[in-house]
Amino acid sequence: MFVESGAIRFVSRDDDVITSAGYRIGPGEIENCLLGHPAVAICAVVGKPDPLRTEIVKAFVRLNDGYDESEPLVRELKEWVRTRLSAHEYPREIAFIEEFPLTTTGKIIRRKLREIA
């Protein structure tokens, strides 16, 4: 990144990789796991800043018809991921949303989800 003085400043990567407690976590594997649950219609995973772990995994989920938002369902989704992937990859927070920010080609804009995480 160039600054006004003409110097170059290294900002680091600005991608979707989540760094949590020293682990580098890709959101795709967690999203695929969540999509395997019958309640999940669509989801996206982002890193949410955390003073202890650098970031925590936060999942945004839209439910399929016939499922309602509830604490038991949140616990079930967390356990679903925890028993299928590494223990550090499960989402510590899950938010239910109806609409996802999408590009014109239909891809989820995770940057916008990070802004509301």
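- When all heavy atoms of Phe60 and Phe100 are compared, the closest pair comes out as O-CZ, 3.5 Å.
- Residues passing the side-chain contact (heavy atoms from CB on, under 4.5 Å) test with Lys78, sequence neighbours excluded: Val74, Tyr90, Ile94.
- Listed by chain and number, the residues in a salt bridge (charged side-chain N to carboxylate O under 4.0 Å, His left out) with Glu99 amount to none (sequence neighbours excluded).
- For Pro51, there are no side-chain contact (heavy atoms from CB on, under 4.5 Å) partners at least two apart in sequence or on another chain.
- By the 4.5 Å heavy-atom criterion applied to side chains, His88 and Ile25 are counted as neighbours.
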Could you go through His37 and Glu76, starting from their C-alpha distance and side-chain angles, then the distance that decides it, and tell me whether this counts as side-chain contact (heavy atoms from CB on, under 4.5 Å)? CA-CA 9 Å; His37 190 282; Glu76 183 179 331; 2.7 Å; yes
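- For the side chain to side chain donor-acceptor pair (under 3.5 Å) condition, no pair includes a residue of residues 51-66, sequence neighbours left out.
- Residues satisfying the side-chain contact (heavy atoms from CB on, under 4.5 Å) criterion with Ile109, sequence neighbours excluded, are Pro101, Thr103, Arg111, Lys112.
- Shown here are the salt bridge (charged side-chain N to carboxylate O under 4.0 Å, His left out) partners of Glu69, two or more places apart in sequence or in another chain: there are none.
- Residues satisfying the salt bridge (charged side-chain N to carboxylate O under 4.0 Å, His left out) criterion with Arg82, sequence neighbours excluded, are Glu79.
- Among residue pairs with one or both ends in residues 35-46, none qualify as salt bridge (Lys or Arg N to Asp or Glu O under 4.0 Å); sequence neighbours excluded.
- Side chains of Leu113 and Ile108 form a contact here, defined as non-hydrogen atoms less than 4.5 Å apart.
- The backbone N or O of Glu89 lies less than 3.5 Å from no partner atom in the side chain of Ser86, so there is not a single donor-acceptor pair.
- Under the salt bridge (charged side-chain N to carboxylate O under 4.0 Å, His left out) criterion, Arg110 pairs with Asp16, Glu31, not counting sequence neighbours.
- Every side-chain contact (heavy atoms from CB on, under 4.5 Å) that Arg84 has, sequence neighbours left out, goes to Cys33, Trp80.
- Within the model, atoms OG1 of Thr19 and CG of Asp50 stand 12.5 Å from one another, a figure rounded to the nearest 0.5 Å.
- The ring pair (Phe, Tyr, Trp, His ring centres under 6.0 Å) search around Tyr67 returns none, not counting sequence neighbours.
- A continuous path of ILVMFWY side-chain contacts below 4.5 Å connects Leu102 to Ile116, so both sit in one hydrophobic cluster.
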Side-chain atoms of residues 38-46: list all donor-acceptor pairs with protein atoms under 3.5 Å, sequence neighbours left out, distances to 0.1 Å.
none

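- Within the 4.5 Å cutoff, side-chain heavy atoms of Glu29 are placed close to those of Leu85.
- Contact annotation: the side chain of Val81 approaches that of Leu34 to within less than 4.5 Å [non-hydrogen atoms, C-beta and beyond].
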